[in-house]
Structures are given as C-alpha cells and as structure tokens.
Amino acid sequence: MDQFNHITSEARFDDQQFLHVVSLEQLKERELFDADAMVIEATDEKVIRAMLRQIRGMRFKNFYLKPIFVSDEGLSPELVQQTDGLLSFERIQACMQRSAAIGRRIREVRTINNRYSFKEAALVKTLQYLYTREVDLQPFRSREAKIGYVFPYLSSLIEDREVPILLDILKKAEEEGWLEGELIDRVNLCKDCYGGYLNFRESCPKCHSIDLVAVELIHHFRCAHIGPASDFERGDKLICPKCDKELRHIGIDYDKPSEIYHCNSCGHESQETTMKAKCVDCGTVNELQHLQTRAIKNYQVTAFGRDLAIGGFKKFDPQEVPLQQDQRILAYEVWHIFYQHELQRIQLRKLNSYLGALRLKEAPLAHLDQTTREKIMRESLLTISHYIRPVDSVTARDLNTFLLLLPEIKAKDIKVLHEILDYNIQKLLGDNLGIAGIIEYIEFFPVGAELNIEQL
Amino acid sequence: MNPIIENILPEYLCYWYYGGLGKFMRIFWHFMVFEFTRYVIIDFVVIFYFWLMRKERKRKWEAARRQLFTENPFVSIIVPGKNEGKHLFKLVKSLNEQTYQNCELIIVDDGSDDQTPLIGSSLLRNGMLTKFLRNDMRGGKASAANLALRYSTGKYVVHLDADCSFDRDAIERVLIPFYLDPNIGGIGGNVKVRDFEDNLASRLQAIEYLKTISMGRVVTSTLRVYKIISGAFGAFKMDAVRAIGGWDIGPGLDGDITVKLRKSGYRIYFEPTAICLTSVPANFKILKKQRLRWDKSIIRFRVRKHNDLFTPYKEFKWGNFFAVFENVFYNVVLDIAWWLYLIDLLLNYSGALKFIIPMNITLYVVSGYAQMIAIHLMSERKEEELKLWPYVPLMVLYTGVFLRLVRTRAYIDEFFFRKSYDDPWNPVKSSSQAKASGF
C-alpha cells in the first residue's frame with residue numbers, strides 16, 4: 001500500500017501522536033508509520049472491520065501491531081474488543097499510557113519473516129499482539145462470527161469463511177506449546193462450511209423426512225390392549241377396540257406409557273427418530289456424528305510462545321546449548337545433511353539403517369524459562385548420546401522431538417535401545433518435571449525415501 | 001453273604017410274586033392306569049405312527065416347504081420383555097443366521113430399568129432390528145406383546161423370548177406347518193434347555209423339557225389336543241391373533257392365547273424339528289417361583305377363565321374339550337388323586353411300604369428310561385442328550401416329590417386365594433383390573 005489518505009485529523013497528547021482516520025483511502029503509509037496510535041473515527045462497523053483487516057494484514061510490525069482505538073461509543077462491544085479500546089475524552093490518559101506501553105513492547109519484537117507461510121505469519125502476529133498487549137487470547141461470543149466466537153486479533157486476520165484455518169492455527173499452537181488452553185466451550189460445526197448456526201430437527205429414520213407426528217400410545221389395563229390413541233377414539237370417548245370397554249380414568253383404566261412417531265411421508269412408525277442438523281449458512285444437512293466438534297478455549301501465551309513472539313521461528317540448535325564436546329550431538333541442519341547422506345548410501349548398498357524418533361507429550365518444556373529449558377535439553381541429549389554407538393547421531397528438531405540416525409544397526413539392538421531410552425528419558429524428565437508418562441512415542445523407522453521426517 | 005441278598009431281596013420278590021397281578025394293580029393303579037398308559041404306551045404308539053407315516057409326512061413336508069419359499073411371506077418376529085438387554089445381541093445374531101430371512105424383528109422393552117433401552121437403540125441404529133419400541137411405564141408382558149403386534153406388518157407373527165437362541169432352520173421349520181394344513185392357526189416350537197450341563201437343576205429340567213415338550217407335545221399335537229404354544233417360541237397367523245385381540249394378561253398368557261385360538265376354530269400344531277434353546281432357572285429356589293407362577297395359571301385359565309370348554313356351548317368342540325380336560329386331569333385331578341393314593345397306601349399298606357416304595361421307584365425309573373428311549377428315537381441331538389441319561393432316576397424325586405409339592409401349593413394358592421393376581425410378574429395396575437374383571 002503506497003498511500004493512506006483522508007486523514008480527519010492528527011492529535012498530539014504529550015509527545016504521542018494519535019492519527020484520527022475515517023477511512024483508509026488516500027492515507028499515506030508514512031503518516032501511519034510515524035503515528036504512535038490510530039483512532040478510527042468511522043461509525044460503520046463494516047468499514048471498521050475492513051480497516052482492521054487491512055492494517056493487521058500488513059507485513060511490518062509498526063503497522064500490523066499498531067495500537068488502534070475507536071471513538072464511536074455506539075459500536076458493538078464485540079468490535080470494540082477487536083481494538084485496543086474506546087477513546088473518549090475521559091479515557092485519553094489511559095489510552096495514552098496503553099499506547100506507550102504497547103509501543104515499547106513493539107520495539108522488542110521482530111517483524112515477521114517474509115518467508116513465513118500465511119498460517120505461521122498469523123500465529124506469530126497473534127502471539128506478538130498478545131505479548132505487546134500483555135493479554136490472554138480470550139474468545140468472546142458473537143452472533144456475527146461463523147462459529148459463534150471471535151478471537152481478538154486472530155479473527156481479524158482470517159476471513160470468517162476460513163474458520164478451519166483459524167482453528168488449525170490454535171490447535172497447532174497448543175500442540176507445540178506456544179499457547180496453553182483452558183476449555184470454556186465446545187461448538188458443533190457444519191461439516192461443509194464450519195458454520196456454527198445449526199438447526200436441529202428430528203427426522204424419519206427411514207426416509208429422512210421431517211414431517212413427523214408424535215402419537216401417544218394408550219395401554220388398557222384390563223385386557224392389555226395397547227395402541228395409538230386414534231385406535232381408541234370414538235367421538236369424544238375412548239373405547240377399547242379389543243374389549244369395547246370405555247376408558248374413563250387415566251391411571252385406573254389406562255395409561256399412556258410412551259409415544260410413537262408417524263412419518264407423514266413414508267408412513268414409517270418408530271419411537272426412534274434421527275436427529276439432524278441443518279446448517280443455516282450453507283443448507284447442508286448434517287448427521288450428528290458428522291458435525292465437527294471443536295473446543296473453544298481461553299489461551300495463555302507460554303514462555304515458549306513468548307520467545308516465538310519476540311524472536312520468530314527458529315530451529316532449536318543443540319550446538320547453542322553449551323555442551324561437553326560430543327560429536328554425536330548435532331544441530332538439526334547438520335544432522336539432516338548426515339541423514340541425506342545415509343539415504344544415498346542405502347540406495348547404493350542394502351543396509352539396515354534406522355531413524356529413531358522420540359516425541360514428548362504435550363510440549364512439557366514449553367512452560368519453562370529459557371535457562372531451565374536449555375539445561376533439560378542438554379541433559380536429555382547427553383543421556384541419549386550416552387547410549388548410542390559412536391557412529392550414531394542425535395539431534396533435537398524442536399523442543400518436543402529428538403531424532404536419532406542409526407546406520408547399519410541390528411533389530412535386537414534397536415529393541416534394547418528402545419527400552420533404555422524409554423526408561424532413562426522418562427526418568428530424567430519425569431524426575432525433573434514431575435510428570436508421569438511424558439513420552440508420547442519412541443519409534444524406529446527404516447531409512448528410506450518414503451520416510452517423511454518432517455511429519456515425525 | 002450280604003444280608004440284603006440273603007434276606008430282604010427274597011422276601012421282596014416273594015411279596016410281589018405271591019401277591020400276584022391283582023395286588024400289584026391294586027397298589028399301583030395310579031401309575032398303571034394313568035401314567036404308564038399316558039407317558040409310555042401312547043408315546044410308543046405315536047412313534048410307531050410317525051414311523052408308519054414317515055414317507056407321506058416327508059412328501060407333504062417338502063411340498064409345504066416349497067410352498068413357503070414360493071410364497072415367501074413376510075414374517076414379524078416379536079420379542080417382548082423387561083430387562084432383557086443383555087440377551088439381545090445374541091438373539092439377533094441367532095436370528096441373522098436363519099435360513100428364512102423375509103422377516104422383520106420387533107423388540108419391545110417393557111419399562112426396563114437397566115441398560116436395555118441403550119442396547120436396543122444401538123442395535124436399531126446399526127440396522128440389526130426393524131423396530132425397537134419402548135414403554136416408559138411397564139405394562140406387563142401381554143401389553144408389550146400386543147404393542148409389537150400392533151406395529152407388525154407380517155402375514156405371520158413369531159413370538160420369542162429374548163433369552164432364547166435358535167437352530168439355523170428354526171424359523172423356517174416353525175412356519176412350514178402353516179402350509180400343511182390351512183386351518184392351522186398357531187404352531188409351537190420345540191423348546192430345549194441350552195446349558196443343561198450347568199448343574200443338577202438344569203439337568204433335571206432338561207429331562208423334564210424333553211419329556212413334556214419334545215415328546216409330550218408331539219403326542220398331544222398328533223392327538224389334536226395340543227393346548228400350549230410356548231411363549232419362548234411360537235408362530236401364529238397374524239389375522240387370527242389380531243381377531244382374538246392378541247394376548248391377555250398373564251401369567252400363563254401363552255397357554256391362554258392357545259386356547260383362545262382353539263376356541264376360534266383354529267388347529268394348533270407342534271413342530272418338534274423347530275428347535276429353540278432356552279435358559280432355565282439355575283437353582284431350585286428360582287425354579288420353585290417359576291413353577292408356582294406356571295401352575296397357578298392352570299387354575300386361573302383352564303379351570304376358571306375357559307371353563308366354558310367343559311360345557312356344551314354353541315362352539316363346543318370335543319377336541320378343545322379334551323385338550324383342556326387332559327391338561328386339567330393330568331395336572332390338577334391326578335395331583336389330588338395322588339394325595340388320596342398316598343393316604344390309601346398309608347391306611348391299607350403301611351406295613352408293606354418297605355416293599356411298595358422300592359417297587360414304586362423301580363417302576364418310575366424303568367418308565368423314565370422307556371420315555372428316554374422314545375425321546376431318543378425322535379431327537380436330533382441324540383449324542384448330547386445321552387449325557388442326561390444317568391440323571392433319569394433322580395426324576396423320581398424331581399417330578400414325583402419336588403414338582404408335585406410345588407404344584408399342590410400353587411393350586412391351593414390360586415384356587416382359594418387367587419394369588420396369581422398378586423404376582424409381581426405383572427404390574428399392580430393391570431393385575432387389579434384383570435382381577436376385578438374376572439380375567
């Protein structure tokens with residue numbers, strides 16, 4: 001974007017410059033860059049949303065993390081929560097302080113890398129937003145949102161129709177230990193469009209019609225005859241079709257033990273109906289078991305997530321961890337070169353080389369400070385290197401995954417190594433972190449072209 | 001020498017040798033006139049008749065079978081019950097194996113308070129049932145069966161108990177007799193004991209079932225006085241059952257509906273080759289409760305509700321008369337006669353009981369084995385049932401004492417106190433109304 005235009009005004013509070021904007025047309029980029037904060041003066045919520053999306057979609061931190069306030073008190077609370085708050089005469093001081101604090105933190109973080117994928121960029125931006133605002137990622141209910149919940153900042157980066165991307169980002173962030181979630185709700189979403197607005201209806205289990213009528217059953221105690229009420233109705237009386245006696249008194253002569261559904265479309269009669277959910281957005285009729293059930297959580301940024309927010313993505317480099325010299329512990333990139341060599345070697349000769357993967361469950365190191373984390377990583381790598389052969393090598397691809405390259409190894413040695421690693425890593429991490437069952441898996445795969453190590 | 005062989009045995013033999021046939025008949029009139037004739041002689045006569053007619057019977061059977069599969073009628077299998085969920089999967093599996101498949105399966109849950117609703121719904125969702133109907137308020141077995149009947153769409157209805165399983169061709173075989181005689185309105189299947197090797201109680205019941213059902217009903221059916229289609233396994237013509245209003249309140253509703261069908265003019269048939277295996281009470285205490293319930297129904301239905309069969313009414317039929325008469329005579333009348341017989345022995349032969357009792361036991365054991373031979377000739381499970389033979393002598397105590405005492409108690413309870421209406425087998429709301437209406 002070359003220019004932002006149509007500036008309403010520019011205000012200075014102490015030494016802070018607040019840029020008042022009605023729309024983004026003709027606004028110069030330089031002016032936005034120089035401003036400490038932006039105040040959207042527009043009143044049309046659609047326009048405001050579009051402005052938020054446009055600014056936060058930019059790729060420079062001084063734009064996408066810019067403190068943004070709104071001025072119209074009539075805006076919906078949901079929209080106000082997507083900004084840094086409402087700027088009013090009474091709140092000028094508070095907004096200034098907030099803007100200054102956010103500005104200081106923006107200076108601490110790096111602009112996102114141009115090579116990041118859309119998802120990676122959205123995640124890092126959101127983490128940076130949470131870091132600079134010092135808030136948790138707390139979703140709030142919104143009728144406007146497709147899934148019924150809006151996530152501050154993140155939702156303004158992603159189109160409502162691309163809800164799966166948003167949910168994937170949050171899931172990945174939690175799995176990798178950047179965010180820690182606390183369940184607040186579950187939503188059932190349409191299998192086709194992920195819409196959360198569903199109309200639940202009972203339908204015929206045979207023909208799926210919703211034209212069902214519930215009919216009460218009547219049980220005549222005296223003769224044990226039972227059938228729908230229509231069997232007994234004669235004028236305004238109830239007469240038993242089996243014994244011709246009049247049913248006068250419920251509880252004495254008869255009762256209504258249950259009801260049965262009659263389908264007006266196909267005539268099927270059944271007490272079971274099939275509940276289906278019709279998506280209000282796309283009209284898809286979902287079987288309940290096909291609905292996408294997703295957890296809605298409050299997320300806190302972990303220490304690991306804070307590091308990501310500040311420094312961006314970087315591979316964990318064991319060589320950065322001060323180690324006793326052990327040449328079997330390699331940086332991931334170096335280890336990967338060794339792996340590629342091994343791959344070529346086994347294509348020339350028929351060798352039984354294996355790749356070992358040890359993965360930890362639920363990112364247990366993500367919550368630790370950097371010093372403790374490095375110390376535990378170092379101890380883990382040293383423990384593993386202690387039990388492997390001189391020709392083997394080990395690396396930590398990330399905080400949760402250790403990879404071992406085991407050239408020309410026998411199956412029985414793998415079995416022994418599996419047991420040793422399982423016991424020792426479990427004991428090391430278990431004792432230090434006080435968590436049982438910390439290992440998600442230890443698996444060994446024959447080295448081969450079909451093996452995708454990025455997915456381990 | 002052994003004193004028994006030296007003294008008692010010669011004395012015993014002399015007593016009966018010199019007493020002669022007259023004395024023997026005087027003492028064992030009860031056994032010789034009623035039991036030996038009915039349960040041994042007639043059994044063998046019927047088997048001989050079967051043997052004579054075997055070719056004709058086979059020809060008719062094959063023709064009827066062809067007709068069944070040509071017409072391929074839709075059949076409703078109904079299974080009413082309470083808290084039977086644990087049996088349902090096995091039952092459904094057993095029915096899925098059947099050679100006759102043009103059926104719908106309707107299970108009625110009569111107000112179960114266990115996992116039955118969950119299990120039934122799950123089976124329905126998986127397409128293993130046609131209908132699963134539930135009464136949230138329990139109404140009793142008759143109302144559950146009637147609910148299934150109301151929503152059945154078949155030409156024939158097969159009533160089963162949930163704790164039963166079936167030979168692969170059982171449904172086919174219970175349907176074929178409808179094509180032997182168009183006047184047949186109901187057909188009883190042959191109910192045998194499944195886990196007969198479990199304990200003594202199940203072994204004795206297994207022998208009893210073989211005698212009273214597998215053999216006994218062949219005889220009554222052949223003589224056209226067959227009067228009870230077991231609730232465990234029976235097939236009915238749908239229009240015939242609907243015309244008589246389905247089942248009335250039990251206990252004993254299976255015998256009751258059979259008599260109602262007979263009174264409507266239908267022939268009732270027993271098919272010994274349609275085999276159903278059922279569970280039986282695992283001990284004598286539970287067995288006693290079951291038999292008290294069953295035996296009361298004879299008084300309630302045969303003696304009281306259907307007593308018009310004994311009087312000339314407009315639809316009077318000798319077949320119906322003899323069917324119920326045989327039932328009442330051999331159960332109620334002979335039960336009373338047995339007590340009189342006992343008094344007679346005590347008064348007139350108290351000194352000779354040491355000779356009479358061993359002879360009595362000998363007669364019952366010998367006739368018991370004679371019956372087992374008859375059963376063996378008719379059975380399709382000859383080898384398995386041979387395992388029951390060592391227990392036949394114990395039947396003297398089982399049927400001669402245990403069942404007789406239970407029966408007598410049941411008759412007194414029902415005849416004088418109408419205790420069947422207090423049976424928790426039915427909900428009070430139904431029993432009280434049935435009692436007030438004289439059903």
Side-chain angles (χ1 to χ4, degrees), chain A residues 202-208 212-233 238-263 266-276 287-290, chain B residues 80 104 106-111 117 120-127 129-153 241-250 253 256-257 260 426-439:
Chain A
E202 286 179 315
S203 62
C204 172
K206 194 171 175 189
C207 72
H208 308 297
L212 297 178
V213 183
V215 179
E216 283 182 322
L217 292 175
I218 289 181
H219 167 213
H220 188 204
F221 299 153
R222 184 177 179 269
C223 69
H225 184 73
I226 187 166
S230 55
D231 285 6
F232 292 79
E233 286 164 359
L238 293 175
I239 307 290
C240 177
K242 177 174 171 180
C243 64
D244 275 337
K245 291 283 175 190
E246 184 178 356
L247 282 59
R248 296 176 186 280
H249 201 124
I250 192 164
I252 305 285
D253 298 330
Y254 69 100
D255 64 5
K256 295 180 174 178
S258 60
E259 56 182 27
I260 194 160
Y261 292 95
H262 175 84
C263 174
C266 70
H268 183 64
E269 285 170 312
S270 165
Q271 285 180 319
E272 296 274 330
T273 58
T274 308
M275 186 67 82
K276 294 199 174 181
E287 305 276 347
L288 294 195
Q289 66 269 29
H290 295 151
Chain B
E104 61 176 352
I106 302 174
I107 288 178
V108 179
D109 168 18
D110 188 28
S121 298
S122 167
L123 292 172
L124 182 69
R125 274 196 298 276
N126 287 303
L129 307 178
T130 313
K131 281 192 176 77
F132 178 71
L133 304 172
R134 172 172 163 78
N135 284 332
D136 295 326
M137 285 181 276
R138 182 177 161 233
K141 187 143 186 177
S143 73
N146 287 335
L147 180 61
L149 187 68
R150 174 62 180 74
Y151 290 101
S152 296
T153 55
V241 181
R242 285 203 167 132
I244 58 169
W247 285 264
D248 289 349
I249 296 169
L253 64 167
D256 177 55
I257 196 170
K260 281 166 63 180
N426 269 326
V428 174
K429 61 187 180 188
S430 300
S431 292
S432 57
Q433 286 290 316
K435 191 175 185 177
S437 308
F439 282 173

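Nothing here was measured: the structure is a model prediction, and the numbers come from that model. Letters go in sequence order (proteins before strands), and every chain restarts at 1.
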Engineer: Just by distance, no angles: are the side chains of A:Thr273 and A:Glu202 close enough, under 3.5 Å, to form a donor-acceptor pair?
Structural biologist: yes
Engineer: Testing the basics here: between A:Val215 and A:Ala229, what is the closest heavy-atom pair and its distance to 0.1 Å?
Structural biologist: CG1-N, 4.2 Å
Engineer: Let's test your reading of the structure: which of B:Lys429, B:Arg134, B:Arg125 forms the most heavy-atom pairs below 4.5 Å with chain A?
Structural biologist: B:Lys429
Engineer: At a 4.5 Å cut-off on heavy atoms, which part of A:Ile260 comes close to chain B: side chain, backbone, both, or neither?
Structural biologist: side chain
Engineer: Is the A:Phe232-A:His225 ring centre distance short of 6.0 angstrom?
Structural biologist: yes
Engineer: Side chain, backbone, both or neither: which part of A:Lys256 has a heavy atom under 4.5 Å from chain B?
Structural biologist: backbone
Engineer: Taking all heavy atoms of A:Ile252 and all of A:Phe221, pick out the closest pair and write down the distance.
Structural biologist: O-CD1, 3.0 Å
Engineer: Please look at B:Leu147 and chain A and tell me whether the side chain, the backbone, both or neither of the residue comes under 4.5 angstrom of a heavy atom of that chain.
Structural biologist: both
Engineer: Do you know which two heavy atoms are closest between B:Leu124 and A:Glu272, and how far apart they sit?
Structural biologist: CD2-CG, 2.8 Å
Engineer: Which atom pair, heavy atoms only, marks the closest approach of B:Arg242 to B:Ser152?
Structural biologist: NH2-O, 2.8 Å
Engineer: Using a 4.5 angstrom heavy-atom cutoff, name the option from A:Ile226, A:Asp253, A:Leu217 with the most pairs to chain B.
Structural biologist: A:Ile226
Engineer: Under a 4.5 Å cutoff for heavy-atom pairs, which residue among A:Ser258, A:Ser270, A:Pro257, A:Gly227 has the most contacts with chain B?
Structural biologist: A:Pro257
Engineer: Who wins among B:Ala144, B:Gly245, B:Ala145 for the most heavy-atom pairs under 4.5 Å with chain A?
Structural biologist: B:Gly245
Engineer: Any ion pair linking B:Arg150 and A:Asp231 (charged N to carboxylate O, less than 4.0 Å)?
Structural biologist: yes
Engineer: Tell me the closest heavy-atom pair linking B:Asp248 and A:Cys223, and the distance in Å.
Structural biologist: OD1-O, 3.9 Å
Engineer: If contact means a heavy atom pair closer than 4.5 Å, which residues of residues 239-246 of chain A contact chain B?
Structural biologist: A:Lys242
Engineer: Rounded to the nearest 0.5 Å, what's the gap from CD on A:Gln271 to CZ on B:Phe132? Could you check?
Structural biologist: 8.0 Å
